[in-house]
Amino acid sequence: MKRGSPTRQRLTALCLFGIPLLTYPILGLPGGTLADIPVVVLYLFGVWGGLILLAARVAERRSK
Amino acid sequence: MLSGWFIVLLSATYIGVLFAVARFGDARADAGRSIISANVYALSLAVYCTSWTFFGSVGRATSGGLSFLTIYLGPTLMLLCVGVIVKMIRIAKAQRITSIADFIASRYGKSQLLAGLVTVIAVIGIVPYIALQLKAVAASLDVLFDQPGHAIHLWGIDSTLLVAAVLALFTILFGTRHLDATERHEGMVAAVAFESVVKLVAFIAVGVFVTYGMFDGFSDLFRRAAAHPELAGLLELDASRAGTWAAMILLSALAIVFLPRQFQVMVVENVDESHLKRAVWLFPLYLLLINIFVLPVALGGLMHFSGQGANPDTFVLTLPLSQGAESLALFVFIGGLSAATGMVIVETIALSTMICNDLVMPALLRSTWLKMEKRGDLSGLLIGIRRVAIVLILLLGYVYFKAAGEAYALVGIGLISFAAVAQFAPALFGGMYWKQATRAGALAGLLAGFSVWLYTLLLPSFARSGWIGNGFVEHGLFGIEWLRAQALFGLTGLDEISHCLWWSMLANIGAYVVVSLSTVPDALEAGQAERFVDVFRHAQRAPDARLWRGNASLKELVDLLERFLGPARARQQLAAYARSRGQRDWHGLPPDAEFVHFAEGELAGAIGSASARAMVSSVTREEDLGLEEVLDILDEATQVRAYSRELEAKQQALEVATGELREANERLRELDRMKDDFISTVTHELRTPLTSIRALSEMLHEDPKLELEERRRFLGIIVSETERLTRLINQILDMAKLESGRAEWTTADVDVSEVVRESMNALEQLFHEKGVHLDSDLADRLPPVQADRDRLTQVVVNLLSNAVKFVPGGGKGRVRVGVSADEKAVRVTVADNGPGLTAEECGVIFEKFRQGGNTMTDKPQGTGLGLPISRQIVEYFGGKLWVESAPGAGATFIFTVPLPGPEA
């Protein structure tokens, strides 16, 4: 049996990690404002951007 | 107020640039130097961002707050499941898939019925989405011309229809310029990528303008928004809508794969799997960037136009215009046009391919009309069908817009389409990972899901605009409360999209699984299931050719290719194929299974797998392989099991052989050891008499004065030692003969008593000389035995001479010979009154070169071979030789010779 590529597995793990972070109930946690910007906005864009950053690092890493 | 002609000129210029990009892309592709890089691929995926994103997201944010983001979070998560997408791409390449309808149909046995159904669902499902683009472009024109209500008329045609007509013309010129009807459009992909950049820059420009031009950055904007109580709700999430939030993420995650245009750019137009590695983060990054300013623009618009009733869907245009930034507004208009045209081009090309391959072609292939034109080149016809289909799709979009478009905001229309294409998910994902899924199951699931979608979402959207009665929404079908279209079975508390999604998925998945489990696939289906599910495994081998058996004619297949691909392209592909098989000329190709497979693949690229299969089977005579055979060929597990069984059997055989060899080796080593022992013993035995002969001879030689008496004694010893030597050598030879089985035997009837008597007579002198008393007890008239007389004599003589050697001389020695018989054997005993043997000696005495008495001190009296030879002889006759003795009590040697059985 062929094993899946590690890059694919890492990206899939990232997806599974992102689902709970971007849905309720965790999504209900952030509240209030930071520098007048609602924290929930910062949270959503922060998690989203973080996922993209991690995905970029995983995907663009030179395969050994 | 902008000049109408200027706007038209600008739009025309922009479209001209697009054409140039597309032409450049096509030219490079034809030259074999594709400009489709990983970045271009990732940007082309951004065709996902249509007018919906460009105009509609802001509108959505003004009513739903942050929920507009779900439409972009879903695709981000979906792309991370890159394994699924890679598998889809691999399958599409292996099967020459041209569209999502083709993909599903091909998986379920290249079914034309299924392909048609998927096409119908896709067309009906996407029509609202097309309408959305028309509405958005028309609305943006209205804003630019400052004329509400689509009041621009040109020669009596309203602006929306005008937009539709221009887009149709544009798409036709754009996507169906080529006469060769193949699945790839690299020029189009390049143009779409270019458009993606334009719309992103345009949107960010307006976002920066609003956030930093009209307000003082994000903080200022949000602070001021927070001061408006009616806007506060937009800045926080509503936890009570958690279900809707999740449903939207799911819906958009499915849409990024199953929208026909997304499938087109992501799967069909993919030139290199590794491009996905870039897309997996660059495309989500694009989505993030285009969404950063959505909420600021929405809030800014709401605050700026507070109480003026401005359409939030066009805030991106009206905000710059309100500040007099006309050139920015124009740029934004171009961005919006980009978003709409990109979507319309790719979507209608994808849909027109599906309509042509999966709806029109099957009908034409059945009709008699096509057969009359049998000799004609049909590639032109294919292009014609596609062009008509493009016009029809846009027309349908326009009709939907007229019927229902005004009742919804942009995003609301788009979500209806999302829910429609989500119906493909069970059949497609199931088909990729579940071999048992059958065509009947896919048909049932799609039909069930699509029906629910029609009833709970599409028809209510008509009803809302008053186009049809809304009784089934308000009171349920036939007045049955449970059948209220948007509260099916009393399910309330969800928005209409989530409501439709849960019910349609329940119906779809339920029907798909239940029907799949209760039907049996046919051979073709099962074969395709294997190839789809195990695509990574089958990619390394080429089982496809093995799955076709029958008769085909080269000429007919080539004719077929020329008709559908056009003669030039057909010949080009044939030549390339011939080269790949090491032939210089395709005329010499054998019309074998591999060639049929090649022809079907080429046709599938042009007219879809289901139609290609129908066409190929119309000119070939294929033998039915049967389900079992197909599965046997494909099922590697079976093969592996068979191999491992064989291996096990072989291993066992090997172990047995190894065991036998080990035993044989042991025996050989034992024999080798025995041979070594034998040789060393023999040399020792030979040396003893030789030494005494040599010593005595030397004495005689060196001492001439030796007395005669002494001389005589010495010579006597020499003679007797020489005799012993001769005897020893004779016996060794005899032994070797016996052991190697080369001894000669003359078997005859022998009277044992006679033999014993003769032997006694022969040795009488010896006994007499030593003064040993020999007496006998010989039974008379014994039955004869089957034996060699001389050999038997040898045994008796040997036993007697042994006995005489060991008994005391001088009248005290006594040897008694007896012969008796029972019904089985004749028994001979030779008893003496010598020193006797210990129990241990009784065993070893029959070994070679073992002698009675102490060999270390006494002079040896025999050769040590007599008894072993005797035993061999007796055993040859089937008898036994043994000794019974105790120390001091004499020894009795006994041997038996069996009597012949009664039957002999």
Side-chain angles (χ1 to χ4, degrees), chain A, chain B residues 38 65-66 69-70 72-74 76-87 217-226 232 234-246 248-250 253 274 276-289 291-292 295-296 536-537 540:
Chain A
M1 273 300 131
K2 213 172 101 169
R3 288 191 54 209
S5 87
T7 305
R8 276 182 226 163
Q9 290 183 33
R10 288 193 184 109
L11 289 173
T12 309
L14 215 49
C15 168
L16 296 178
F17 178 62
I19 290 171
L21 287 181
L22 291 173
T23 49
Y24 288 96
I26 291 181
L27 201 54
L29 292 180
T33 58
L34 187 73
D36 291 322
I37 302 171
V39 172
V40 66
V41 174
L42 295 176
Y43 172 81
L44 273 173
F45 278 97
V47 170
W48 193 5
L51 282 179
I52 293 169
L53 196 73
L54 287 173
R57 285 192 58 170
V58 170
E60 298 292 326
R61 184 154 67 176
R62 286 268 149 262
S63 48
K64 287 167 206 153
Chain B
L66 284 166
L69 277 180
T70 52
Y72 308 94
L73 294 175
T76 301
L77 294 172
M78 187 71 213
L79 270 188
L80 289 176
C81 303
V82 79
V84 179
I85 299 166
V86 166
K87 187 168 188 180
F218 286 100
S219 295
D220 178 52
L221 196 148
F222 280 111
R223 187 172 58 246
R224 286 213 247 161
L234 302 181
L235 299 179
E236 56 198 35
L237 289 170
D238 182 4
S240 68
R241 292 173 63 79
T244 303
W245 182 276
M248 292 299 160
I249 286 187
L250 174 66
S274 67
L276 258 182
K277 278 193 178 177
R278 184 65 51 81
V280 80
W281 64 270
L282 188 56
F283 173 57
L285 182 64
Y286 182 100
L287 296 180
L288 185 140
L289 291 177
N291 276 299
I292 285 179
L295 199 56
F536 292 114
R537 195 150 59 71
Q540 291 136 26

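Every chain is numbered from 1, with letters handed out A, B, ... down the list of sequences.
- Side-chain contact between B:W245 and B:L73 is present, with at least one heavy-atom pair separated by less than 4.5 Å.
- Neither the backbone nor the side chain of B:A226 has a heavy atom closer than 4.5 Å to any heavy atom of chain A.
- Residues passing the side chain to side chain contact (heavy atoms under 4.5 Å, CB included) test with B:D220 are B:F215, B:D216, B:R223, B:R224, sequence neighbours excluded.
- No donor-acceptor distance shorter than 3.5 angstrom exists from the side chain of B:W281 to the backbone of A:R57, with no hydrogens or angles considered.
- Only the side chain of A:L44 comes within less than 4.5 Å of a heavy atom of chain B; its backbone N, CA, C and O stay farther away.
- Both the backbone and the side chain of B:L288 come within contact range of chain A, each with at least one heavy atom under 4.5 Å from a heavy atom of that chain.
- For A:L14, the parts lying under 4.5 angstrom from a heavy atom of chain B are both the backbone and the side chain.
- Neither the backbone nor the side chain of A:L54 comes within contact range of chain B, judged by heavy atoms closer than 4.5 Å.
- Among B:L79, B:L221, B:T76, B:L282, the residue making the largest number of heavy-atom pairs under 4.5 Å with chain A is B:T76.
- Within the 4.5 angstrom heavy-atom criterion, atoms from both the backbone and the side chain of B:Y72 approach chain A.
- For the options B:L295, B:L276, B:V86, heavy-atom pairs under 4.5 Å to chain A are most numerous at B:V86.
- In this structure, A:F17 places its CZ atom where only 12 or fewer heavy-atom neighbours from other residues, nucleotides or ligands lie under 6.0 Å away.
- Put simply, the side chain of B:S219 gets close to the backbone of A:A35: a donor and an acceptor are under 3.5 Å apart.
- Between B:L69 and A:W48 the shortest side-chain heavy-atom distance falls below 4.5 Å.
- Heavy atoms closer than 4.5 Å to chain A are found in the side chain of B:I249, but not in its backbone.
- Within the 4.5 Å cutoff, the side chain of B:V84 has no heavy atoms near those of the A:T12 side chain.
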